[in-house]
Amino acid sequence: MNQTLPINDTSIRITNVSKTFGSVGTRDCVKSLDSVTAEIRQGSIFGLIGSNGAGKSTLLRVMAGILLPDSGGVTYAGREVYENTALKQEIVYLSDDQFFFPHGTIADMADYYRRVYDHWSDEKYDRLRHIFNLEADRRINTFSKGMRKQASVLLALSCCPKYLLCDETFDGLDPVMRQFVKRLFAEEVADGNLTPIIASHNMRELEDICDHIGLLHKGGILFDREVDELKSNIHKVQLVLTNGTPEAENVYAGHFGDLPVVSTKRSGSVFNLVVRGSYEAVTGTAEALNPVFYELVPLTLEEIFICEMEEKGYDFDGFIG
Amino acid sequence: MTSTVSSVKTARTSGGWFSSRLFAAELKRGWAVGLLYAIILFFAYPVALMIASGNVHPESVAHYVEEFMNYSNPIPTIFATGAGIFSALTACGYLFNKRSVDYVFSLPVSRQAYFLTRGAAGVTCAMLAWIPSALILMVVSLASGRLRPLFGLIMGDYAKAAGVFLCLFFYFFSVTLCACAVCGTHVMSFCMFLFFSGILPLFYALFNWLFGEFRPHFYDSYYIRLSFFENLSGIVRIWSRVGRYLSFGFLLLNVGIGLVYLVIAILSVMFRRGENAESPFVYPKVRAVVKYFCMTAAALLGSLLFQAVAGGGYFWMLFGAVSFTILGWMLCNTVFFKTPKMMFHAKRGMLIALACVLIVLGLFPLDIFRMNTRIPSPSMTESVEIEDYCTLHNPDLIRLFDTVVKNAYADDYYDDKPYDGYSRYLYVIWHTRFGIPVAKSVRITSESDYKALMDAVRADADYPSMLVEQMRTPLEAVYRDDPHASVNLSVLYSTVPGFDYPDGNVQDYRSVSVKAALELLDIYEDAVRTNGASVLEKRSIGAILFYAYNGYGYDKALQITEPMQDVLEAALRKSESKWGNETVVVNPYDPSLLSGRFETIKLFCDGDYLRDVTEEELGRWMETGALTVVYGYTVDDYAMFDPHLSLEATVHHSYSDENDPSAVYDNYGYVRYVFFAGKAPDYDRAPER
């Protein structure tokens with residue numbers, strides 16, 4: 001089903017992207033992305049979460065135009081990214097382990113970026129460098145991991161990109177700096193200048209910054225939703241039911257009215273359920289069970305991720321033993 | 001979740017081929033490399049010239065400077081080679097690291113533009129490095145009283161040298177760049193580079209040297225001429241033909257070859273798909289080709305090594321081929337897969353490679369690869385002879401020679417080869433092609449000779465046998481004690497180790513064994529003593545030719561320690577000369593000291609050798625009137641004799657457009673080697689048979 005996007009479409013469209021590494025038919029062949037399709041709105045902060053090996057980095061590299069997908073494509077406002085140097089002026093890719101020139105300093109790197117990126121801002125560079133308190137003439141290979149991350153963010157934002165592709169960018173930053181970087185991203189987004197796409201397996205990092213989440217698993221995208229929608233549609237219910245009652249037996253058997261139950265745990269008369277459904281539907285169902293006590297506990301993104309993954313057969317208990 | 005949009009194709013922007021801003025950034029980054037190059041050149045030219053010229057006799061400074069700037073300064077060659085490789089590895093080093101690949105490919109610069117821009121920055125660094133050195137050279141030349149009169153010469157030669165070595169730099173740069181683009185790791189790139197630039201003869205020579213038989217099948221202009229290299233590529237061969245047709249110089253040919261490799265490199269980078277940023281090769285198929293290429297090289301090298309160790313023999317050649325194919329296969333697997341666990345991977349491929357190698361080896365004796373089969377017409381060859389002969393009339397002496405000839409042919413290298421008859425000339429220069437003796441010097445004295453030879457060649461006749469047939473009649477006459485029959489003897493005591501043909505064939509100049517040479521001299525001595533000059537014409541063994549081509553790798557000191565020297569020693573005396581402040585013993589076989597003993601004394605030497613000779617010695621040699629000094633490698637070089645020296649009238653070389661058994665040309669139209677005719681002065685008055 002092919003259709004041409006309207007030229008004024010400003011979103012990022014990932015369309016049926018598949019990517020395989022290694023020679024097909026050999027044991028080295030790995031299908032990293034399998035018909036991934038997603039849309040990222042301009043001006044949103046998109047979080048890309050997934051288990052190890054899910055294909056997050058590969059997807060980001062395809063989105064950055066580093067890799068040519070086997071099929072499908074990635075377009076930014078209708079423009080395909082691969083070998084599109086004009087479009088790449090608007091994109092900065094921050095890899096998990098960012099490359100710097102051997103023995104290079106931040107000043108060296110800044111000079112290089114300045115020559116390569118048309119929209120480089122010296123003013124922003126100076127401002128951020130002072131905020132990050134990084135020495136411009138110190139060799140980057142003497143920096144700590146966190147400082148290197150800061151340097152990469154500093155350089156990336158100084159390029160004034162429209163799209164910032166971050167692969168585990170917060171990993172290695174201390175909590176203060178992490179919050180600061182998040183705030184920087186949020187400010188840029190609020191100014192309407194930036195669309196960050198942040199890949200991570202640390203849900204907590206993404207929870208308070210992303211307004212959109214895509215969950216990758218085994219090369220395919222499981223869901224792609226707004227965070228508020230995601231959180232409002234799944235709830236953790238703590239119920240205290242009188243033992244021996246039909247309601248208690250029903251809940252123990254995995255039934256919670258008409259709502260789908262993701263998981264059930266029982267400890268005596270206390271039940272812990274994860275249930276899909278709106279807040280109203282869940283509270284209504286809980287009250288209908290005449291509990292001694294009930295409470296809806298908000299799920300963290302990480303818990304949602306684990307629940308979703310368990311539903312797809314990711315055996316967390318197996319890891320723990 | 002959006003599921004309605006499928007692949008969308010929009011026009012890709014290519015991003016151009018060059019980024020001036022990136023170029024500026026790369027130049028700025030590469031200033032240290034440029035400085036390093038400049039420092040090397042500073043030592044290579046101004047410093048070296050200043051130091052060395054101070055040790056030269058004032059009258060020889062001009063000559064010395066010319067040679068220093070053109071031939072005898074090895075540093076620029078090493079510099080051009082090393083800098084070319086280094087710059088290329090630096091320019092495309094980003095391809096070998098996943099982090100840098102991700103970084104670079106995400107930049108708003110197209111892949112080919114990035115690759116080319118970095119390459120251009122590398123070349124520019126190398127070019128700019130010549131400028132400060134030129135300025136310093138200018139100052140040094142003007143400041144030095146000795147060099148000031150030669151200012152124009154020095155700067156002109158420096159400019160020429162810059163052009164020459166930049167061409168050489170570009171060649172190595174492109175070859176390495178191509179290897180880097182096709183391969184993925186520095187190690188493999190370097191191996192590919194070695195292979196591209198024909199490292200096998202060097203290995204072979206090294207091996208020979210280690211085992212005491214230093215017969216290098218390359219010479220010091222090897223890298224300039226790229227003779228081995230051209231065998232590796234049909235493209236290069238075609239290009240060389242074009243170059244010859246258009247009268248290109250070898251430097252332009254190098255640049256052309258470099259451009260071909262550069263294009264391959266750019267295409268490889270352009271079509272290098274993203275995923276290959278993580279794997280070493282552009283395409284899996286290329287990996288296989290490279291792997292088998294390396295395996296074949298290893299196998300052929302192995303076959304040569306084993307044959308050399310075993311002193312010849314086809315069995316050892318095959319043994320070496322098989323064993324090195326297997327070793328090469330294991331090594332390639334280990335390198336390519338980066339783990340010894342994969343050492344025995346793809347056995348079928350190994351068997352295929354082995355079969356290929358054996359087929360190639362099997363084709364050698366069939367002379368499939370022979371190129372030099374064309375015989376020039378007599379009109380195209382002025383005169384190409386080696387004979388400095390005597391005419392013998394005494395049957396006993398002839399029989400004595402017969403014994404000596406057999407001994408001469410029973411050289412240890414060919415002791416398993418039957419002596420296939422006498423020729424009218426005693427060819428003590430013995431040519432081989434893959435160990436099979438081939439007579440190369442053909443004396444064509446008539447149109448009918450030429451036609452017969454051409455017919456035989458066309459009919460694929462056995463070339464040496466035909467020669468033997470040609471010589472049979474006079475030989476039989478000798479054995480019938482025909483008083484009018486004669487055997488003409490040519491003695492060349494050659495230390496020239498050998499040459500390689502453009503088609504990869506190797507010619508060994510097997511000088512007559514020293515023992516046989518000594519016997520020949522003894523016979524001469526005996527003949528003179530017992531029979532007098534009336535029996536043995538005075539022209540006998542009229543010339544002793546000293547080949548003193550240091551450039552061929554044969555050390556002069558080694559020559560004079562040969563037993564041959566013992567025989568000559570009585571007629572020689574040691575001489576000392578001043579070379580700078582150092583007293584050096586040179587030239588114990590000063591040819592002028594032999595002038596009364598032989599009618600013709602010739603010294604063939606190159607520039608390196610000549611510089612070891614003092615002006616005084618040179619003058620003394622020239623006074624003998626029989627001195628020939630030759631240096632250089634091409635006809636043009638020979639034409640550049642020092643104006644103080646003259647080319648003896650009786651010495652001439654042939655020059656034709658065709659490959660010639662006596663004057664062999666490479667594909668560029670240069671004379672690969674020339675047989676000089678060392679005729680005795682009264683050659684033309686030789687008695688009729």
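All chains are named by letter (A, B, ...) in the order of the sequence lines, taking the proteins before the strands, and each is independently numbered beginning at 1.
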Chemist: At their closest point, which heavy atom of B:A25 faces which heavy atom of A:R115, and how far apart are they?
Modeler: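 Smallest interatomic distance, heavy atoms only, reads CB-CD, 3.1 Å.
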Chemist: Between OH of A:Y117 and CZ of B:R21, what distance do you get to the nearest 0.5 Å?
Modeler: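 Going from OH on A:Y117 over to CZ on B:R21, the span is 11.5 Å.
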Chemist: Using non-hydrogen atoms and a 4.5 Å limit, figure out which bit of A:Q98 sits close to chain B: side chain, backbone, both or neither.
Modeler: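 The answer is both parts of A:Q98.
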Chemist: Take atom CE of B:M127 as the centre, draw a 6.0 Å sphere, and report whether it contains more than 12 heavy atoms from other residues, nucleotides or ligands.
Modeler: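 Atom CE in B:M127 is not crowded, with 12 or fewer foreign heavy atoms closer than 6.0 Å.
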Chemist: How are the rings of B:Y103 and A:F99 set relative to one another: parallel (under 30°), tilted (30 to 60°) or perpendicular (over 60°)?
Modeler: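 Rings of B:Y103 and A:F99: tilted, as their planes differ by 30° to 60°.
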Chemist: Do the side chains of B:P108 and A:V116 get nearer than 4.5 Å, heavy atoms only?
Modeler: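 They are in side-chain contact.
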Chemist: Once you round to the nearest 0.5 Å, how far does CD1 of A:I66 lie from CG of B:L107?
Modeler: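 A:I66 atom CD1 to B:L107 atom CG measures 9.0 Å (nearest 0.5 Å).
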Chemist: Nearest 0.5 Å, please: how far is OG in B:S106 from CG in A:L67?
Modeler: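 One gets 11.0 Å once the value is rounded to the nearest 0.5 Å.
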Chemist: If you measure from OG1 on A:T85 to CZ on B:R111, what distance do you get to the nearest 0.5 Å?
Modeler: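 Answer rounded to 0.5 Å: 12.0 Å.
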Chemist: Check whether any side-chain heavy atom of A:E83 lies under 4.5 Å from a side-chain heavy atom of B:Q112, and answer yes or no.
Modeler: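 In short, these two side chains touch, coming nearer than 4.5 Å.
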Chemist: Go through the steps to decide whether A:R61 and B:D102 satisfy the test salt bridge (charged side-chain N to carboxylate O under 4.0 Å, His left out), and finish with yes or no.
Modeler: CA-CA 8 Å; A:R61 290 165 72 205; B:D102 280 0; 3.2 Å; yes
Chemist: Closer than 3.5 angstrom, by distance alone: can the side chain of B:K28 be matched with the main-chain N or O of A:Y112 as a donor-acceptor pair?
Modeler: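 It does not hold such a pair.
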Chemist: Can you tell me which of B:A24, B:S20, B:S100, B:S19 forms the most heavy-atom pairs within a distance under 4.5 Å of chain A?
Modeler: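 It is B:S100.
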Chemist: Check each atom of B:F23 against the heavy atoms of chain A and say whether the ones under 4.5 Å are side chain, backbone, both or neither.
Modeler: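 Contact with chain A involves no heavy atom of B:F23 at all.
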Chemist: Which region of A:D97, side chain (C-beta onward) or backbone (N, CA, C, O), has a non-hydrogen atom less than 4.5 Å from a non-hydrogen atom of chain B, or is it both or neither?
Modeler: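 For A:D97, heavy atoms of backbone and side chain both lie under 4.5 Å from chain B.
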Chemist: I'd like to verify something: which residue of A:D118, A:L165, A:V17 has the highest number of heavy-atom pairs under 4.5 Å with chain B?
Modeler: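 Most heavy-atom pairs within the cutoff with chain B belong to A:D118.
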